[in-house]
There are 2 protein chains.
Amino acid sequence: MDKKSKSLSKNQKIVLDFIQKNKKPVKAYSILSNVQKKGINAPPQVYRALDKLIKIGKIHRVESQNSFVACKISNCGTPHKTVFSICNSCEIVSEINDPKLFKNLKDFRDKDGTVFDGYNLEFFGTCKSCKNKQIENTKH
Amino acid sequence: MDKKSKSLSKNQKIVLDFIQKNKKPVKAYSILSNVQKKGINAPPQVYRALDKLIKIGKIHRVESQNSFVACKISNCGTPHKTVFSICNSCEIVSEINDPKLFKNLKDFRDKDGTVFDGYNLEFFGTCKSCKNKQIENTKH
DNA sequence: TAAAAATTTGTTATATTATAACACTATACT
DNA sequence: AGTATAGTGTTATAATATAACAAATTTTTA
Ligand SMILES: [Zn+2]
Ligand SMILES: [Zn+2]
Ligand SMILES: [Zn+2]
Ligand SMILES: [Zn+2]
């Protein structure tokens, strides 16, 4: 076994696997009901796995939705620096990987001299697909 | 009565008043217990007032804390474009008013052509006061 | 100004999200 | 082997938020 990259525990693997299978963010209790057949019985088992996976950067919490999504950026890491694009209509979430924006955020200093070690940015809007549907509807 | 700027309702005033009195963000159930003497009895009365105050931009929700804070920026408006600095140690929250950062966020476009109408950005770190306390502690 | 519409209120009950606490097991380190 | 660290399983409960409905109030319109 690889001694450098400590592998995930049983429950952590089960939870991560379920989150990665889903295109959209998933909720904690939805994870629970979907992995009960794998032997995870109660909320604490899910939340512990979530906490760990967040800590090591494998997943992120979408704050405005109380939901969890797999990280799409290889070196996202920890402490957390996350940017998401969220559709108000279909609630789909995309993790954004934009070096220029990252630099702007990394370089930001406030007036009070706070030392930042992370950030979370959520953009809200209407995705292209939902926008098109809206246009379709106004045509008739 | 002023016909242009529709005034707030009784419960909305009570809740806003309490939030504005507090330097730190406050939680919904803390609001509830603190305004019960004013005749607000149950969670829905608080949450309705909060929803309205958020909608009109008088307060903001601090997503990572499930808490609510008065808006410190006159033209913050709606839909919402908010930036906060949050101390991981004392949990104090400052609303940031930085035109250059605002411009960067306003101008951001993603690859998928999503049309954004708002954002929420939370910076996490250690405020100056907490940093100084930490340094004090390591001296001994 | 009277009727209609929209908003707000008060209330009970319930849904959703998350953690505390404790005994136990597995794994990693020395 | 012995110790420390991390993970598990479980029960109970805390914390956050909404549904639903009848009544009252305020605003708008006719
Ligand atoms: Zn990521
Ligand atoms: Zn969409
Ligand atoms: Zn504001
Ligand atoms: Zn602080």
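By convention in this document, chain letters (A, B, ...) are assigned in the order of the sequence lines, proteins followed by strands, and residues within each chain are numbered from 1.
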Participant: On a plain distance test, is the side chain of R61(A) in donor-acceptor contact with the base of dT17(C) below 3.5 Å?
Facilitator: no
Participant: With the side chain of N66(A) defined as its heavy atoms from C-beta on, choose the nearest nucleotide among dT18(D), dT19(C), dA18(C).
Facilitator: dA18(C)
Participant: Provide, to the nearest angstrom, the distance between the CG atom belonging to L50(B) and the P atom belonging to dT8(C).
Facilitator: 14 Å
Participant: What pair of heavy atoms forms the shortest contact from L53(B) to V15(B), and how long is it?
Facilitator: CD1-CG1, 3.9 Å
Participant: Round to the nearest Å and state the distance from L32(B) atom CG to dT18(D) atom P.
Facilitator: 15 Å
Participant: In this structure, how many angstroms lie between the C1' atom of dT17(C) and the CD atom of Q65(A), rounded?
Facilitator: 14 Å
Participant: Is there a side-chain hydrogen bond (donor to acceptor under 3.5 Å, both in side chains) between E63(A) and S64(B) once you walk through the steps?
Facilitator: CA-CA 6 Å; E63(A) 295 289 354; S64(B) 61; 5.6 Å; no
Participant: With a 4.0 Å limit, can you tell me whether Q45(B) has a side-chain N or O closer than that to the phosphate oxygens OP1/OP2 of dT9(C)?
Facilitator: no
Participant: Would you indicate, yes or no, if dG9(D) has its OP1 or OP2 atom less than 4.0 angstrom from a side-chain nitrogen or oxygen of N11(A)?
Facilitator: yes
Participant: With a cut-off of less than 4.0 Å, is there a side-chain N or O of Y47(A) near OP1 or OP2 of dT19(C)?
Facilitator: no
Participant: How close or far is atom P of dT8(C) from atom CG of D51(B), stated in whole angstroms?
Facilitator: 11 Å
Participant: Whole angstrom is fine here: how far is it from NZ in K52(B) over to P in dT26(D)?
Facilitator: 14 Å
Participant: For I40(B) and dG10(C), what is the distance between atoms CD1 and P respectively, to the nearest whole Å?
Facilitator: 8 Å
Participant: Rounding to a whole Å, what distance do you find between R48(B):CZ and dA19(D):P?
Facilitator: 11 Å
Participant: Measure from the side-chain N and O atoms of N22(A) to the backbone N and O of V26(A), and report whether any donor-acceptor pair falls under 3.5 Å.
Facilitator: no
Participant: Would you say the base of dA18(C) and the side-chain of Y29(A) have a donor-acceptor pair closer than 3.5 Å?
Facilitator: yes
Participant: Quick one: which of dC22(C), dT18(D), dT19(C) gets closest to the side chain of P44(A)?
Facilitator: dT19(C)
Participant: So which one's nearest nucleotide on DNA chain C is more toward 5', Q12(B) or P43(B)?
Facilitator: Q12(B)
Participant: What closest approach, in Å, do I40(A) and I14(A) show between heavy atoms, and which atom pair accounts for it?
Facilitator: CD1-CG2, 3.9 Å
Participant: Does S9(B) place a side-chain N or O at less than 4.0 Å from the phosphate oxygens OP1/OP2 of dT9(C)?
Facilitator: yes
Participant: Less than 4.0 angstrom from a charged side-chain N to a carboxylate O is my criterion; do K55(B) and D51(B) meet it?
Facilitator: no
Participant: Report the distance from atom NZ of K55(A) to atom C1' of dG7(D), rounded to the nearest whole Å.
Facilitator: 13 Å
Participant: Reading DNA chain C from 5' onward, which residue's closest nucleotide shows up sooner: A42(B) or K27(A)?
Facilitator: A42(B)
Participant: Does K10(A) place a side-chain N or O at less than 4.0 Å from the phosphate oxygens OP1/OP2 of dT8(D)?
Facilitator: no
